[in-house]
Amino acid sequence: MNVWQFMLQNHAEVAELTLEHLWLVGVSTLLAVLVGIPLGILITRWPALNKPILGSANIIQTIPSLALFGFLLPAPWIGERADRLAILALTLYALLPLIRNTYTGIKGVDPAVVEAGRGMGMTDRQLLFQVELPLALGVIIAGVRVAAVISVGLATIAAAIGAGGLGEYIFRGLAMVNNQVILAGAIPAALLAILADISLGWLEKRLSPG
Amino acid sequence: MNTSPHHGAAIEFRNVSFHVDGSRELLQALNLEVRRGETLVLLGRSGSGKTTTLKLINHLVAPTSGQLFVDGKSTDEWDVIRLRRMIGYVIQEVGLFPHFTVARNIGLVPQIEEWPADRIRQRVQELLQLVGLDGQLASRYPRQLSGGQRQRVGVARALAADPPILLMDEPFGALDPITRAELQREFLTLQKRLQKTVVFVTHDLREALLLGTRIALMEAGRLVTVLTPEEFFHSTEPLVAAYVDAFGTELNGGGKRGLS
């Protein structure tokens, strides 16, 4: 039986695991956007926070994913369910590209444009929402794109703690020493990653000014 | 703005110095008055302190020492946002917002001042006409315009909320000579009509002689002297004479304007 036949036969399960996978990636990326972008903005305003915040996000990146899942296990509420745990871990990993890209995007806005706005009496808030964020949007979306693609890959590990997703097939296949089963998880995961990359890449181009 | 108890000065520098921490003085003990309705040109080489002087007026930088009065009130006492909104600001073309249409760029100050939308639209059309641009351009983006058109938009944007004071930082510096001459002429016509208090930065003596009611020559963070264009042209002050000499051939070639 080849991988296509296997997937066809188990199409309901493949679809379910793909949806679970999408849910893990979608929720964690969304949470990372909600936390990462404000943090990125914050460190453009208070440069003193730059090192501690970017440094922490960097350190999180270096923790191996299985270990991070383990670290978070004792956390109250979070540790009770595997999917909560997986989402928190994925969110933490996605923070770095979001914080960093928000920061560099805003810092990369032509200072003459910002100064013109300031000189005409725009408040800090108006400058942020009307000038800096719109002009940094392309770079910020590029950060979302990197975060989403990384998450699709990392989310396969979440199956190791029972959070579901396409990793289920990969771990099952490894246990069964069955390449078809491994591929039944790996191929849809790869397709998801490519899809996320292309669609967010398109959005990035659309929203980049100039 | 006629609320000032002060004599004719719209802007007054009293012993203003400015330096960035640890570096040399960018501006030393500047004393200068800008009269209501005049065009005062700040002339000088790069690094002479012209732009710093301009940015002190709209408080983009704060004096290290000394005091600066706008409309009779010290810039420390002004609400900085209010102060800036009554001062139009034109810089080289890069200052336009690339992601805003021409209409949104011009309507920026009215928008942040929360004018009703149709009044902004009307004002934008008025201003396009005032600076000699086709109303059709309102929906274009800055990158779709020529350099001269962009600069006109910059002027229109600065005039949008009808501010009594206008700061212009080498506004025509990046233009080709023909377009520059055209915009200089239009500036003169416009200024005759609007009678704004204008502070105009340039390093081009020709432009200074043409546009200025008075010319303030700056050198290495100091004000050398303030003269009318005619006085400037005939001055024996060494730095002024040196400046005139440097431009000499070009000026004799037809630049000496009718100083009437």
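So that the names make sense, note that chain A is the first sequence line, chain B the second, and so on, each numbered from 1. Excluded from the calculations below are hydrogen atoms, water molecules and symmetry mates; all remaining heavy atoms, backbone and side chain alike, are included.
- The pair E113(B)-R82(B) meets the salt-bridge criterion, since a charged nitrogen lies less than 4.0 angstrom from a carboxylate oxygen.
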Give the intermediate values and the outcome of side chain to side chain donor-acceptor pair (under 3.5 Å) for residues N10(A) and Y169(A).
-> CA-CA 11 Å; N10(A) 298 285; Y169(A) 275 149; 5.0 Å; no
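- Note: I112(B) leads L167(B), I112(B), D169(B) in heavy-atom pairs under 4.5 Å with chain A.
- Under 4.0 Å is where a charged nitrogen must lie from a carboxylate oxygen, and between R118(A) and E115(A) no such pair does.
- Of the atoms belonging to F100(B), it is side-chain heavy atoms, and not backbone ones, that fall under 4.5 Å from chain A.
- Between P163(B) and R85(B) the shortest heavy-atom distance is CB-O, 4.4 Å.
- Only the side chain of L108(B) comes within less than 4.5 Å of a heavy atom of chain A; its backbone N, CA, C and O stay farther away.
- A salt bridge links E186(B) and R152(B); the closest N-O separation between the charged side-chain nitrogens and carboxylate oxygens is under 4.0 Å.
- If you measure heavy-atom distances from L60(B) to chain A, the contacts under 4.5 Å come from the side chain alone.
- Between chain A and the residues Q111(B), H59(B), R104(B), the most heavy-atom pairs under 4.5 angstrom are made by Q111(B).
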